[in-house]
Amino acid sequence: MNLILLHGLGQRSAAWDKTIEHLPENISPAYPDLSKLARGDYNKLYSAFCSYCDGFDMPLDLCGLSLGAVLALNYAVDFPEKVCSVILVAGQYKVAKALMKLQGLIFRLMPEKTFLDMGFDKSDFIALNGSMAGLDFTGKMKNITANVLVAVGERDKPNARAANEISELLGCPLEIVPNSGHEVNIDNPKSLAEMIAAFYERLGLI
């Protein structure tokens with residue numbers, strides 16, 4: 001299998017380290033630092049991600065959290081023939097403009113150093129966040145042919161509704177990760193790794 005782990009906005013690739021430690025030895029994922037793929041708006045990042053994926057043998061197995069889940073979903077609806085499976089953790093399929101605007105206002109009040117620690121300039125980070133407003137994959141969800149698993153942390157109330165809706169739209173299972181908020185890969189990496197491994201075992205990929 002060709003597994004790619006995609007971290008969330010505000011994280012770096014190292015956010016997956018603990019999860020990877022708990023994965024079976026026969027799973028060796030790639031986990032790019034998204035801030036190094038592209039800066040600026042979402043479209044630039046997505047284009048760079050598509051180019052990154054071209055370097056792998058197909059089909060791909062994608063697992064993304066938050067921003068990473070949006071990228072994985074976007075790729076799965078655009079290139080269904082290139083994707084075997086998708087795990088969407090704390091993902092959205094419709095990005096509310098009001099939420100992105102509110103987050104943008106909050107980010108503007110935060111110090112520059114906070115963003116540099118995440119691999120972004122403050123302006124790039126705010127631009128990426130704002131450019132996601134209005135993304136809506138509802139009309140393309142029917143394109144997906146991959147096996148899909150949806151997951152959300154039990155304390156991640158802001159993303160629980162979207163997780164349920166994605167699960168219903170795609171007719172795929174929904175897993176609630178215990179003792180976890182939004183950043184499941186940090187809050188409970190062991191349970192996340194076990195969930196990932198169990199999903200791939202059911203599919204016969206490991």
Side-chain angles (χ1 to χ4, degrees), residues 1-11 15-16 18-20 22-24 27 29 31 34 46 49 59-80 82-96 98-100 103 132 134-206:
M1 65 185 301
N2 289 308
L3 173 59
I4 302 176
L5 301 176
L6 301 166
H7 63 78
L9 186 63
Q11 296 185 339
W16 288 109
K18 294 297 183 181
T19 303
I20 293 171
H22 293 291
L23 289 174
I27 298 180
Y31 50 118
L34 298 180
Y46 178 61
F49 173 63
L60 300 174
D61 299 284
L62 304 176
C63 174
L65 181 144
S66 193
L67 169 62
V70 173
L71 286 169
L73 179 59
N74 199 161
Y75 194 85
V77 300
D78 284 351
F79 305 103
K82 295 183 178 182
V83 183
C84 175
S85 68
V86 186
I87 300 176
L88 304 172
V89 185
Q92 294 283 335
Y93 69 103
K94 292 190 296 185
V95 182
L99 176 60
M100 293 298 101
Q103 288 184 346
M132 294 173 65
L135 285 176
D136 188 348
F137 303 117
T138 306
K140 291 185 174 182
M141 298 285 270
K142 62 182 182 298
N143 294 350
I144 296 177
T145 57
N147 298 285
V148 182
L149 174 67
V150 178
V152 67
E154 67 173 347
R155 298 193 304 271
D156 188 7
K157 303 306 180 185
N159 290 287
R161 178 177 176 178
N164 277 282
E165 290 176 351
I166 294 171
S167 175
E168 291 177 2
L169 283 168
L170 297 178
C172 65
L174 169 63
E175 297 271 0
I176 307 299
V177 183
N179 304 314
S180 175
H182 181 59
E183 296 184 288
V184 179
N185 53 357
I186 294 175
D187 295 341
N188 196 344
K190 185 174 186 292
S191 290
L192 178 59
E194 290 172 349
M195 180 199 74
I196 291 171
F199 178 59
Y200 294 144
E201 286 175 359
R202 291 196 298 270
L203 297 179
L205 295 176
I206 60 173

* To do: Report the C-alpha distance between Q11 and N185 in whole Å, list the side-chain angles of each, state the deciding distance to 0.1 Å, and finish with yes or no for side-chain contact (heavy atoms from CB on, under 4.5 Å).
  => CA-CA 10 Å; Q11 296 185 339; N185 53 357; 3.0 Å; yes
* Asked: Under 6.0 Å from the NZ atom of K18, do we count more than 12 heavy atoms belonging to anything else shown?
  -> no
Considering the options [options], which one meets the side-chain contact (heavy atoms from CB on, under 4.5 Å) requirement together with [X]?
X    : options              : result
L192 : T19, L23, I186, D187 : T19
L67  : Q92, M132, H7        : M132
Y46  : L135, D78, V70       : D78
F199 : I87, V148, I206      : I87
I27  : D61, L205, L3, I20   : L3

Within-4.5 Å side-chain heavy-atom neighbours: [X] and [Y]:
X    : Y    : value
N164 : L174 : yes
V152 : V89  : no
F79  : L60  : no

* To do: Only counting residues at least two apart or in another chain, list the ones meeting side chain to side chain donor-acceptor pair (under 3.5 Å) with K157.
  => none
* Asked: How close do E175 and R202 get, heavy atom to heavy atom, and via which atoms?
  -> OE2-NH2, 4.4 Å
* To do: For residues A76 and V86, report the shortest heavy-atom separation together with the two atoms involved.
  => CB-CG2, 3.9 Å
* **Side-chain donor/acceptor of S167 to backbone N/O of C172, under 3.5 Å** => yes
* Asked: Between the main-chain N or O of P178 and the side-chain N or O of N188, is there a donor-acceptor pair closer than 3.5 Å?
  -> yes
* Structure fact -> So CZ of R155 and CD1 of I176: to nearest 0.5 Å the spacing works out to 13.0 Å
* **Gap between atom OG of S66 and atom CG of L71 - 0.5 Å precision** => 10.0 Å
* Asked: Can you pull the salt bridge (Lys or Arg N to Asp or Glu O under 4.0 Å) pairs that have at least one residue in residues 161-173, sequence neighbours excluded?
  -> R161-E165
